[in-house]
Amino acid sequence: MLDVAAIRNDFPILSREVNGYPLIYLDNAATSQTPQQVIDVIVDYYNSYNANIHRGVHTLSQEATDKYEEARKKIQAHFNAEKAHEIIFTSGTTHSINLVANGFASLLNSEDEVIVSALEHHSNIVPWQMLCEKTGALLKVIPMNEEGELVMSDYDNLLSDKTKLVFVNHISNALGTINPIEEIIKKAHHAGAAVLVDGAQACPHIKPDVQKLDVDFYVASAHKMYGPTGVGMLYGKEAWLNKLPPYQGGGEMIAEVTFKKTTYADLPHKFEAGTPNICGGIAFGAAVDYINNIGFDTISSYENELLNYATKNLLKIKGLRIYGNSKNKTSVISFNIGTLHPYDIGTILDKLGIAVRTGHHCAQPIMDFYKIPGTVRASFAFYNTFEEIDTLVYGVNKAALMLA
Ligand code: 7TS
């Protein structure tokens, strides 16, 4: 059982007011809030051992280096990567995907094909389109159905010995659908293709085991996992990371530099040019500790209850339609009411202190599929309560009446 009252005390921001009402934060899929335990780690870093890493003999630099590498090991353990150097710190999911897409530019040609899904965030579409423009490779799309699920029989037909890479999200940010990534990975490997899974939305809800999944690349952002912004991770199988060229050149990523020739550092440093987000990496480790202390079974069963309760009660509102009705979904509800504009509903909710996201959620192909400009999206975290959902339902009802 989750002690939600105690958990809420860990998040100072949850006790603030917005527009004279207690904040009800339901935009967790955009970014999650940060517990005091993680904020304390950030403050302690700047108060006690702020220094550049991997280069100083002095005590502060060594302390910072040790904590940063300790955080890498925590993240390795969390994702069950075989080796710590298979975890690359990045600025977030977008950076991680661009790093891999850039690397594949030297491995693909115009005979090759790559496969994306219809359910992706733009950051798992655009870098690959740029890759295809550079290499001439062909981009194919696994279609979706009305429920917001991937049409897996079409996936079978898209795969061939020309397929070099498949990139899909673990969970859709716009609809909450949990994609069958085990099956996607197995089939891709059978065809000889590598797979990148965008775990940005999955990692707050699920603990992925990269070895069990046998995934080639897995990417995530700390700020959706109760950590800070500006830091994230790329897991890559060692053999793949050795095969890909560096993404950025600079300090820290070299073995030796002369004007004739530069050789690159070993993993993970080859992909970590320049001074990284040191404090962010350490705080990411603390966020991983925080969510593991609660436990993913506890998190997912509570969030599922919130999802079911909110779905049932929102659907009582006349004209309200939920987009994304897969049986396998996480605590994200995307909805519209008739032809009311999502932005107007979101603005009225904000006046009541309720934070939701409105718009296309950086997933325009999904909106095009449903022929809508966007949705209102409420996304729940383990610190949300049933009472907050009652207030959301009250607010949405009120907005519908005001805008009718
Ligand atoms: N992939 C998915 C599935 C996402 O949901 C997001 C961000 C990203 C990639 C990009 O992550 P970033 O940390 O690099 O920005 N999704 C959202 C969202 O749904 N609302 O705001 C950001």
Side-chain angles (χ1 to χ4, degrees), residues 1-5 7-8 10-11 13-14 23-35 93 119 121 147-149 169-181 198-208 220-221 223-227 287 290-292 294-317 320-336 342 345-346 349 354-358 361-363 366 375-393 395-396:
M1 273 294 285
L2 192 63
D3 185 350
V4 182
I7 295 270
R8 287 180 71 83
D10 289 341
F11 292 81
I13 203 169
L14 296 180
L23 166 68
I24 296 182
Y25 188 76
L26 304 178
D27 194 17
N28 296 286
T31 203
S32 52
Q33 297 303 341
T34 311
T93 301
L119 289 176
H121 185 279
E147 302 300 308
E149 295 165 328
N169 59 37
H170 196 161
I171 291 178
S172 154
N173 72 313
L175 306 180
T177 314
I178 305 174
N179 288 317
I181 58 162
D198 169 355
Q201 290 297 334
C203 288
H205 310 289
I206 291 173
K207 186 169 172 166
S221 296
H223 71 95
K224 295 192 202 285
M225 300 169 67
Y226 310 94
Y290 183 84
I291 41 182
N292 278 303
I294 300 177
F296 278 84
D297 288 344
T298 309
I299 290 173
S300 64
S301 70
Y302 180 69
E303 288 176 345
N304 273 336
E305 283 178 39
L306 290 178
L307 173 69
N308 293 337
Y309 184 74
T311 304
K312 188 179 84 192
N313 287 296
L314 281 169
L315 282 174
K316 289 180 187 159
I317 297 171
L320 187 142
R321 173 174 174 191
I322 292 176
Y323 299 88
N325 293 298
S326 174
K327 279 196 280 304
N328 288 320
K329 72 178 274 192
T330 44
S331 49
V332 169
I333 300 185
S334 250
F335 65 90
N336 277 330
I345 298 172
L349 292 177
I354 304 169
V356 292
R357 186 171 169 187
T358 63
H361 315 297
C362 302
I366 298 179
T375 68
V376 182
R377 182 186 69 182
S379 48
F380 312 115
F382 50 72
Y383 44 61
N384 290 125
T385 64
F386 294 96
E387 292 75 24
E388 287 182 320
I389 289 170
D390 291 340
T391 310
L392 169 73
V393 174
V396 174

Counterpart residues, side-chain contact (heavy atoms from CB on, under 4.5 Å), relative to Ala310 (two or more places apart)
Ile333, Phe380, Ile389

Tightest non-hydrogen contact, residues Leu392 and Val356, listed as CD1-CG1, 4.3 Å

Applying side-chain contact (heavy atoms from CB on, under 4.5 Å) to Asp297 and not counting sequence neighbours gives none

Rounded at 0.5 Å granularity, tell me how far CG in Leu14 sits from CD1 in Ile24.
11.0 Å

For side-chain contact (heavy atoms from CB on, under 4.5 Å), just list the numbers for His170 and Ile206, CA-CA rounded to whole Å, side-chain angles, deciding distance to a tenth of an Å, and then say yes or no.
CA-CA 10 Å; His170 196 161; Ile206 291 173; 4.1 Å; yes

Under the side-chain contact (heavy atoms from CB on, under 4.5 Å) rule, what do Val396 and Phe335 come out as? Steps first, then yes or no, please.
CA-CA 10 Å; Val396 174; Phe335 65 90; 3.8 Å; yes

Straight-line distance of Glu147 CD to Lys327 NZ, nearest 0.5 Å:
8.0 Å

Taking all non-hydrogen atoms of both residues, which atom of Leu306 and which atom of Ala381 are closest, and how far apart?
CD1-O, 3.5 Å

How many angstroms lie between CG in Asn384 and CG in Leu307, if you round to the nearest 0.5 Å?
12.0 Å

Under the ring-ring contact (aromatic ring centres under 6.0 Å, His included) rule, collect the residues that match up with Phe386, sequence neighbours excluded.
Tyr302, Tyr309

Could you pull out the closest heavy-atom pair between Thr385 and Val4, with the gap in Å?
CG2-CG1, 3.9 Å

Are side-chain heavy atoms of Ile13 and Tyr25 found at a separation under 4.5 Å?
no

State the OG1-CG distance between Thr311 and Asn325, to the nearest 0.5 angstrom.
8.0 Å

Any chance you could measure Glu303, atom CD, to Phe296, atom CZ, to the nearest 0.5 Å?
9.0 Å

Can you tell me if Ser379 uses its side chain to pair, donor with acceptor, with the backbone of Ala29 under 3.5 Å?
yes

Keeping Thr31 on the side-chain end and His223 on the backbone end, is there a donor-acceptor pair under 3.5 Å?
yes

Mark yes or no for whether Thr93, through its side chain, and Ser221, through its backbone, hold a donor-acceptor pair below 3.5 Å.
yes

Could you give me the CA-CA distance, side-chain angles and deciding distance for Leu26 and Arg377, then say whether side-chain contact (heavy atoms from CB on, under 4.5 Å) is met?
CA-CA 8 Å; Leu26 304 178; Arg377 182 186 69 182; over 6 Å; no

If you measure from CD1 on Ile291 to OG1 on Thr298, what distance do you get to the nearest 0.5 Å?
12.5 Å

Any side-chain heavy atom of Leu2 within less than 4.5 Å of one from Ile294?
yes

Quick one: ring-ring contact (aromatic ring centres under 6.0 Å, His included) partners of Phe11, sequence neighbours excluded?
Tyr290, Tyr383

Counting distance only, does the side-chain N/O of Lys329 pair as donor-acceptor with the main-chain N or O of Gly324 below 3.5 Å?
yes

Is the backbone N or O of Asn28 less than 3.5 Å from a side-chain atom of Lys224, with the two atoms forming a donor-acceptor pair by type?
no

Ignoring hydrogens and angles, write down the donor-acceptor pairs under 3.5 Å from the side chains of residues 171-180, residues two or more places apart or on other chains.
unit_1: Ser172; atom_1: OG; unit_2: Ala174; atom_2: N; d: 3.2
unit_1: Ser172; atom_1: OG; unit_2: Leu175; atom_2: N; d: 3.0
unit_1: Asn173; atom_1: ND2; unit_2: His361; atom_2: O; d: 2.8
unit_1: Thr177; atom_1: OG1; unit_2: Gly148; atom_2: O; d: 2.7
unit_1: Asn179; atom_1: ND2; unit_2: Asn169; atom_2: O; d: 2.9
unit_1: Asn179; atom_1: ND2; unit_2: Asn169; atom_2: OD1; d: 2.8

Distance-minimising heavy-atom pair for Ser331 and His205
OG-CE1, 3.5 Å

Any residue meeting salt bridge (charged side-chain N to carboxylate O under 4.0 Å, His left out) with Glu388, in chain and number order, not counting sequence neighbours:
Arg8

What's the shortest heavy-atom distance between Cys203 and Pro208, and which atoms?
SG-CG, 4.1 Å

Closest heavy-atom contact between Ala220 and Met225?
CB-SD, 4.3 Å

Taking the side chain from Ser326 and the backbone from Asn328, do they hold a donor-acceptor pair closer than 3.5 Å?
yes

